[in-house]
Amino acid sequence: MTTVKMASIKKIGKFFKSKKVIAIVLIVAVVASIFAFGFFGKKDEKTGEVRTATVSYGNVSKAIEGSGTIAAIDEYEVSALSIKGEVLECTFEVGDIVEKDDVLYKIDTSDMERSIENAQKSLEKAQISYNDTLKDYNEIMENQKVYAPVSGVLQTLSIENGDDVNNGFVIATIKNSDEMKLDISFNSDDAKNIYVGEKATVALSSSYTKVDGTVTRVGTGDITTNGGAIVRDIEITVTNPGAIKEGDKATALVGNYACNNEGVFKYSHEETINAKVGGEVYNLNYKQGDYIEKGALLLNIDADYKESTLKNAKMSLDDAYDNLERLYEDMEDYTIKAPIGGEIVEKNINKGEKIDTTNSNEPLAIIHDSSTLYFDMNIDELDIVNIKENQKVEFTADSYENEKFTGYVEKVKKTYTSQQGVTSYPVTVIVDSENKDLLLPGMNVSASIIIEERENVLVLPVSAVRRGNVVIAKTSSKGVGVPNKKATTVNNTEGFAPSKEMNFEGGKPSGENKENTKGRKQISSEKGTNPSNTLEGKDNPYLNGLEIPEGYKAIFVETGLSDDSYIEIVSGLNEGDIVVLPDITAPSSTNQFGLPTGGMGGPMGGSPMSGNMGQGRPGATGQNRQSSGQNRQSTR
């Protein structure tokens, strides 16, 4: 079985557009034909034997060639930023295989520990400062609103809306007139029998009106009156019916104990309201003498406070916290771990050495992850449209003469480079060979991307197929039909061989393939086709100068995929048929232009693909081309 891969098929249409170039090519070809005419199809002068080949089954593939350099899928330079200290531990050497997160280095952390201790102290100070500032801020925000501490009458009110007050300024006084307190004396012996909470009957001296009260305080000290009586003070609280005023007098009876003398009423509660912040007064809706409920908003003060003070304290606290966190994170960096699994390929720092990465960019070590290898190929813009992901890639390495490797296209990148008017695109190839362990990063490779493939098909050496898909063969096959003897010669200025549509059988084209027709005409027939499938007659343009050995005949075949060496035979021949190869010492006879018709492939040869000669475009770098790679022989 033969495996065939396509050679370069880049078009040279631009090159042939020049009339001068065409003329030069024709002149050179004519001269060559003069010397070569008459040698094609003759016996090999050295051996005296006709050179032949056998039709067999094989695999045919078309590929685009290029080159690249093997690289590891991942490479990591082990480094440690802003680290100073002595290497305390280092247990690996170049060539060792390490796993991800394996400890590579341990660095002395004495300096870091001192830095962390200082940072902790700074954080504590910043926290205290912020707490104090926040407390002051909250108090100021709270004290901007002034509420009545008790229910009562505004006895005094010393400010108006728009006034500026300072911290501590007396704003107002409130006296609670809902409840009145009566301070009254009882004989000491009687007072000892009176207790707080006991009910009392109070009689107003001015009107003799009686109201109920409650004992709210009993004095514990004896007092001697001007009359010589020994008494104790007792406080009785009564609900003001509305007629009691501060200074009114009354008597009281607690149980069976009567007071020693009249007592005097006073308001139960009196509060002085002071400003607790400085600022401008607003939202004051009360006047002096107004009654106000406990908890009611008396006024607001627009405090003179800069919020930036609190913001600055918060920023200082955050900075101190972040600094400590950074130091803790940096402390972790003093234990250096492998960022990836792979092989140590370089080691620059050893145990006992001191490092200072603030003054050096040199990596401590380098790790290659060679579990996956790849290389990039630069593909010409004319070929990139044929490249798809997962296409098979075959390649060889310069370091191994007899080893073959495989891979697949992982990615076709959209980035490009342009040089001398030629654009190319990078294609990434992943290596998947079983023998990939032989490859090392940095090795140069030559690769072929398989873009089309035929398996288990009939193949021939491409030189066996002459112009017009004519084959001289020892076969029982009658071919696939031939053009008329008087048919017009193909106009093939671009070097294309007749395609499937030129195969005639029974007067009609035998195929529907319409490809590769640009720049040439189909064969026309004036009187139909030759009823015979063999090519006969000296006036047939495909038979000029052909010499057919005894036992052989010329037939027309249908071809498929081909390269510079081999061609697929779609129909017209059978496995085991013998075909004549041209004499390697000379080309064939000439066609109607007077040019050698050969059969050796190339621009003037008989390969159907010979129009694409493998030449690069003007300015091309030649980094890649469509090619066959290597041919392999095998049997079905």
Side-chain angles (χ1 to χ4, degrees), residues 69-134 310-376 436-437 439-443:
T69 302
I70 294 292
I73 195 66
D74 199 1
E75 175 182 302
Y76 198 95
E77 293 185 352
V78 180
S79 59
L81 300 177
S82 303
I83 282 185
K84 296 180 181 180
E86 180 182 346
V87 177
L88 301 180
E89 184 177 325
C90 174
T91 59
F92 68 92
E93 298 296 336
V94 172
D96 287 353
I97 303 299
V98 296
E99 299 294 331
K100 186 178 185 297
D101 293 329
D102 282 354
V103 174
L104 302 180
Y105 292 97
K106 287 187 177 180
I107 315 299
D108 181 21
T109 60
S110 299
D111 292 341
M112 282 296 297
E113 290 171 358
R114 285 189 291 271
S115 297
I116 289 176
E117 184 179 353
N118 292 332
Q120 288 174 333
K121 293 179 180 179
S122 297
L123 178 59
E124 291 175 3
K125 292 179 180 179
Q127 185 69 64
I128 292 172
S129 176
Y130 173 74
N131 290 343
D132 290 343
T133 305
L134 180 62
L310 179 63
K311 290 182 179 179
N312 289 336
K314 183 64 167 60
M315 290 173 61
S316 297
L317 176 62
D318 291 343
D319 288 344
Y321 180 82
D322 291 343
N323 183 50
L324 182 60
E325 283 295 302
R326 274 195 304 272
L327 291 175
Y328 279 128
E329 291 175 0
D330 291 345
M331 176 72 88
E332 295 178 359
D333 292 339
Y334 278 64
T335 298
I336 301 173
K337 299 179 180 181
I340 60 173
E343 180 183 359
I344 303 293
V345 297
E346 186 175 319
K347 178 182 178 183
N348 299 315
I349 297 295
N350 297 291
K351 181 179 178 180
E353 296 181 347
K354 292 184 177 180
I355 62 174
D356 184 356
T357 56
T358 59
N359 298 326
S360 174
N361 294 325
E362 183 180 37
L364 306 181
I366 296 178
I367 302 175
H368 277 174
D369 178 6
S370 299
S371 60
T372 302
L373 299 175
Y374 79 98
F375 60 90
D376 284 340
K436 66 179 181 180
D437 291 341
L439 299 170
L440 296 175
M443 287 185 174

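All values below come from the heavy atoms of this structure, side chains included, with hydrogens, waters and symmetry mates left out.
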Chi angles and distances behind the side chain to side chain contact (heavy atoms under 4.5 Å, CB included) call for Lys347, Cys90: CA-CA 10 Å; Lys347 178 182 178 183; Cys90 174; 3.4 Å; yes
Quick one: do Ile97 and Glu343 satisfy side chain to side chain contact (heavy atoms under 4.5 Å, CB included)? Show the steps, please. CA-CA 4 Å; Ile97 303 299; Glu343 180 183 359; 3.6 Å; yes
Please test Asp111 against Arg114 for side chain to side chain contact (heavy atoms under 4.5 Å, CB included), starting from the C-alpha separation and ending with a verdict. CA-CA 5 Å; Asp111 292 341; Arg114 285 189 291 271; 2.3 Å; yes
Derivation of the side chain to side chain contact (heavy atoms under 4.5 Å, CB included) call for Leu123 and Leu317: CA-CA 7 Å; Leu123 178 59; Leu317 176 62; 3.8 Å; yes
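In this structure, CG in Asp101 is found 5.5 Å from NZ in Lys337, a value given to the nearest 0.5 Å. Interatomic distance, Ile340 CD1 to Tyr76 OH, rounded to the nearest 0.5 Å: 8.5 Å. Atom CD of Glu346 is separated from atom CD of Glu75 by 9.0 Å, given to the nearest 0.5 angstrom. Once rounded to the nearest 0.5 Å, the distance linking CD of Glu124 with CD1 of Ile128 reads 7.0 Å. If you take CD on Glu86 and CD1 on Ile107, they are separated by 9.0 Å, rounding to the nearest 0.5 Å. To the nearest 0.5 Å, atoms CD1 (Ile116) and CD (Glu325) are separated by 10.0 Å.
Inter-residue side-chain proximity for Leu364 and Asn348 is flagged as unmet; no heavy-atom pair is nearer than 4.5 Å. At least one side-chain heavy atom of Met331 sits less than 4.5 Å from a side-chain heavy atom of Glu113. In this structure the side chain of Glu93 never reaches within 4.5 angstrom of the side chain of Ile344, judged on heavy atoms. Considering only heavy atoms from C-beta on, Leu373 stays 4.5 Å or farther from Ile73 through its side chain. Looking at heavy atoms from C-beta onward, Thr69 lies out of side-chain contact with Phe375 at the 4.5 angstrom threshold. Proximity of Tyr328 to Leu324: side-chain heavy atoms (C-beta onward) are separated by under 4.5 Å at one or more points.
A donor-acceptor pair is defined here as one N or O able to donate and one able to accept, closer than 3.5 Å; no such pair exists between the side chain of Ser129 and the backbone of Lys125. Between the side chain of Asn323 and the backbone N or O of Asp319 there is no donor-acceptor pair closer than 3.5 Å. Under a 3.5 Å cut-off, the side chain of Tyr105 and the backbone N or O of Ile349 do form a donor-acceptor pair. The backbone N or O of Ser371 sits less than 3.5 Å from a side-chain atom of Lys436, completing a donor-acceptor pair.
For Asp132, there are no salt bridge (Lys or Arg N to Asp or Glu O under 4.0 Å) partners, not counting sequence neighbours. Judged as a salt bridge (Lys or Arg N to Asp or Glu O under 4.0 Å), and not counting sequence neighbours, the contacts of Asp318 are Lys314.
Within a 6.0 Å sphere centred on OH of Tyr321, other residues, nucleotides and ligands contribute 12 heavy atoms or fewer.
Of all non-hydrogen atoms in Lys351 and Val87, the two that sit nearest each other are CA-CG1, 3.7 Å. Across all non-hydrogen atoms, the minimal contact from Ile367 to Leu104 is CD1-CD1, 4.2 Å. Looking at every heavy atom in both residues, Asp96 comes nearest to Thr91 through OD2-O, 4.5 Å. Here the closest heavy-atom approach between residue Ser316 and residue Ala126 is recorded as O-CB, 4.0 Å. Counting all heavy atoms, side chain and backbone alike, Glu99 lies closest to Ala338 at O-CB, 3.5 Å.
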